[in-house]
Amino acid sequence: MACPKAVKPTALAKPFVLSQPEYEPGKPIEELARDLGLDPSGIVKLASNENAFGPSPLAVEAAKRAIEQGHLYPDGGCFALRQKLAQFHGLAPGQFVIGNGSNEVIELLGHAFLGPGDEVVMGAPDFVVYRLVTLLFGARPVEVPLVNFRNDLRALARAVSAKTKLVFVSSPNNPTGTASKAEELLEFVRSLPGTAVCAVDEAYADFAERPADLRPLIGEGRNVIGLRTFSKVYGLASLRLGYGYSTPELASLLDRMRQPFNVNAIAQAAAVAALDDHEFRRMCVAETRKGLRRLEAGCAELGLEFVPSEANFFLVRVGDGARVFDALLHRGVIVRPLKLYSLPEWIRVTVGTADQNERFLRELAAVVRC
Ligand SMILES: *Cc1c(COP(=O)(O)O)cnc(C)c1O
């Protein structure tokens, strides 16, 4: 059949689709192995803030059991997980919105609140997905420079206008690893006009010394949502599970925006079990803090500046970040270059196991000396 004169899909797309930037993930181990003809088992990936200690063993057991029922649709309402989260946080089951990674919850915020003409206030740099989701809905990112690698809460508050629908703050911040002080964060949220929803991204809060407790703000009925993920301290990044907790009104609003079966049953089962795996969680936090201290000391010995971090990664200043990233790649160590985050002299490094950390320090020493 002859093809009727098809208009190019690019001409049919919404105006901001064509200018939408792509997310660049950390390079997968298998891809680097193919590119360089290396043995995947010799490659160390410290690029995506994954958990070096693997998934929670209790979660793995639960996931295996769940796949036996793989022919059935999952519980779209995530009943068991909501119950567990409610206990864990001391909130009601209706105060959660559960997503395919907390990235999906960020997108749900866009679905619910953003359109052309709206503004979204965020730090620069902060997690790049805030900007991507803002642009995806045709809204405008208002980026407020960090000061000393920290979110400048006062400046963020000043940047909020009548057009601002959302404000994003990650604490600890990704990519810098710095956490906002708990009292300052609470004061910041209270200072915002009621017309803007504030999302506090707590992806790394488990690793922080004294993370803020958002529950008083939620209790006061503020437009605030805490974002959490199972991708980091619970080691379940591949299963894609994250959630937001907020007022019942905001949670149920976002819940309407999701696909009916957005979270698969294996991830739900694994997450329920992971929340009971206190042992694993404690071990990961303790080992990560120890590894971070070791990496910081190693970088100091090499005379390299670093940003003290409260997360499971840190920034180190290597001069030419792109060169060092590339040289490390060729030695089988994947880190994150930060040109996209406007930090071209720095690389971001995830804390690994003790062996991986030593390997990184050895390769880094060889690379910065030449
Ligand atoms: C890793 C990360 C997330 C989690 O994303 P998922 O979609 O849950 O894997 C969210 N926010 C920040 C700042 C992160 O670094």
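Residues K163 and R140 are not in side-chain contact: their nearest non-hydrogen atoms beyond the backbone lie 4.5 Å or more apart. Two residues are said to be in side-chain contact when any heavy atoms from C-beta on lie closer than 4.5 Å; R336 and I347 fail this criterion. Annotation: side chain of L85 is not in contact with side chain of P93 (no heavy-atom distance under 4.5 Å). A 4.5 Å side-chain heavy-atom check between Y23 and V128 finds at least one atom pair inside the cut-off. Side-chain contact between P125 and L146 is present, with heavy atoms from C-beta onward closer than 4.5 Å. Looking at heavy atoms from C-beta onward, S161 lies in side-chain contact with T164 at the 4.5 angstrom threshold. Looking at V316 and L302, their side chains never come closer than 4.5 Å, going by heavy atoms from C-beta outward.
Looking at every heavy atom in both residues, A157 comes nearest to F188 through N-CE1, 3.7 Å. A251 and V97 make their closest contact through O-CB, 3.9 Å (heavy atoms, listed as atom of the first residue, atom of the second, distance).
Ion pairing between a basic and an acidic side chain is recognised when a charged N comes within 4.0 Å of a carboxylate O; E183 and R210 show such pairing. A salt bridge links R82 and D255; the closest N-O separation between the charged side-chain nitrogens and carboxylate oxygens is under 4.0 Å. A salt bridge links R190 with E220; the closest basic N to acidic carboxylate O contact falls under 4.0 Å. Checked for salt-bridge contact, K84 and D276 meet the test: a charged N lies under 4.0 Å from a carboxylate O. Residues K290 and E287 are paired through a salt bridge, judged by an N-O separation under 4.0 Å between the basic side chain and the carboxylate. Salt bridge annotation for D118-K165: present, with a cationic side-chain nitrogen under 4.0 angstrom from a carboxylate oxygen. Using a 4.0 Å cut-off between charged nitrogen and carboxylate oxygen, D126 and R131 do not count as a salt-bridge pair. For D206 and K232, the salt-bridge test fails: no basic side-chain N is under 4.0 Å from an acidic carboxylate O. Using a cut-off of 4.0 Å between Lys/Arg side-chain N and Asp/Glu carboxylate O, E50 and K45 are scored as salt-bridged. Under a 4.0 Å N-O distance rule, the pair E30/R34 does not qualify as a salt bridge.
Judged by distance alone, the side chain of R281 and the main-chain N or O of Y234 form no donor-acceptor pair under 3.5 Å. Judged purely by atom type and a 3.5 angstrom limit, E104 uses its side chain to pair as donor or acceptor with the backbone of N100. A donor-acceptor pair under 3.5 Å is formed between the side chain of Q95 and the backbone N or O of S246. The backbone N or O of S102 lies less than 3.5 Å from no partner atom in the side chain of T229, so there is not a single donor-acceptor pair. The backbone N or O of V233 sits less than 3.5 Å from a side-chain atom of N51, completing a donor-acceptor pair. No donor-acceptor distance shorter than 3.5 angstrom exists from the side chain of E345 to the backbone of R317, with no hydrogens or angles considered. Distance alone, capped at 3.5 Å, is enough to place a donor-acceptor pair between the R289 side chain and the A208 backbone. Judged by distance alone, with hydrogens and angles left aside, the side-chain atoms of R362 form no donor-acceptor pair with the main-chain N or O of L364 at under 3.5 Å.
The cluster map of Ile, Leu, Val, Met, Phe, Trp and Tyr, joined by side-chain heavy atoms under 4.5 Å apart, puts L166 and L156 in different clusters. Residues V351 and V349 share a hydrophobic cluster, clusters being chains of Ile/Leu/Val/Met/Phe/Trp/Tyr side chains in contact below 4.5 Å. Taken together through direct or relayed side-chain contacts under 4.5 Å among Ile, Leu, Val, Met, Phe, Trp and Tyr, F96 and L253 form parts of separate hydrophobic clusters. In terms of hydrophobic clustering, with Ile, Leu, Val, Met, Phe, Trp and Tyr side chains grouped at heavy-atom distances under 4.5 Å, L227 and I218 are assigned to different clusters. Hydrophobic clustering (ILVMFWY, side-chain heavy atoms < 4.5 Å, transitive): L343 and L340 are in distinct clusters.
With sequence neighbours excluded, no residue satisfies salt bridge (charged side-chain N to carboxylate O under 4.0 Å, His left out) with R348. Applying the side chain to side chain contact (heavy atoms under 4.5 Å, CB included) test to A311 and every residue at least two apart in sequence or in another chain returns P172, Y204, S309, F313.
Heavy atoms of other residues, nucleotides or ligands lying less than 6.0 angstrom from CZ of R293 number more than 12. By the neighbour-count criterion of 12 heavy atoms within 6.0 Å, atom CD1 of I67 is sparsely surrounded, having that number or fewer from other residues, nucleotides or ligands.
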request  = May I have the step-by-step check of side-chain hydrogen bond (donor to acceptor under 3.5 Å, both in side chains) for T288 and N312, ending in yes or no?
outcome  = CA-CA 6 Å; T288 298; N312 68 340; 5.9 Å; no

*asked:* Please evaluate residues L185 and L153 with respect to the criterion side chain to side chain contact (heavy atoms under 4.5 Å, CB included), reporting the C-alpha separation (whole Å), side-chain torsions for both, the decisive distance (0.1 Å), and the verdict.
replied: CA-CA 7 Å; L185 199 51; L153 297 177; 4.2 Å; yes

TODO: Evaluate the side-chain hydrogen bond (donor to acceptor under 3.5 Å, both in side chains) criterion for residues S56 and D277: first the C-alpha distance (whole Å), next the side-chain angles of each, then the deciding distance (0.1 Å), finally the verdict.
DONE: CA-CA 7 Å; S56 143; D277 205 343; 2.7 Å; yes

Worked check of side-chain hydrogen bond (donor to acceptor under 3.5 Å, both in side chains) between D355 and T353: CA-CA 5 Å; D355 284 353; T353 60; 5.5 Å; no

Worked verdict on L254 versus L250 for side chain to side chain contact (heavy atoms under 4.5 Å, CB included): CA-CA 6 Å; L254 295 177; L250 183 50; 4.3 Å; yes

Verdict with supporting geometry, E310 and T178, side-chain hydrogen bond (donor to acceptor under 3.5 Å, both in side chains):
CA-CA 6 Å; E310 293 194 48; T178 61; over 6 Å; no

message: Assess the residue pair T247 and R222 against the criterion (side chain to side chain contact (heavy atoms under 4.5 Å, CB included)); give the C-alpha distance rounded to whole Å, side-chain angles, the decisive distance to 0.1 Å, and a yes or no.
response: CA-CA 8 Å; T247 60; R222 307 228 170 236; over 6 Å; no

*V169 and D201: side chain to side chain contact (heavy atoms under 4.5 Å, CB included), yes or no, with the steps?*
CA-CA 6 Å; V169 177; D201 191 336; over 6 Å; no

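Ring to ring, Y243 and H89 are close: their centroids are under 6.0 angstrom apart.
Pairs passing the ring-ring contact (aromatic ring centres under 6.0 Å, His included) check and including a residue from residues 125-155, sequence neighbours excluded, read H111-F137, F127-Y130, Y130-F168, F149-W346.
A donor and an acceptor atom, one from each side chain of T350 and N49, are located under 3.5 Å apart. Using modelled atom types, one finds no donor on one side chain facing an acceptor on the other under 3.5 Å when comparing D75 with Q268.
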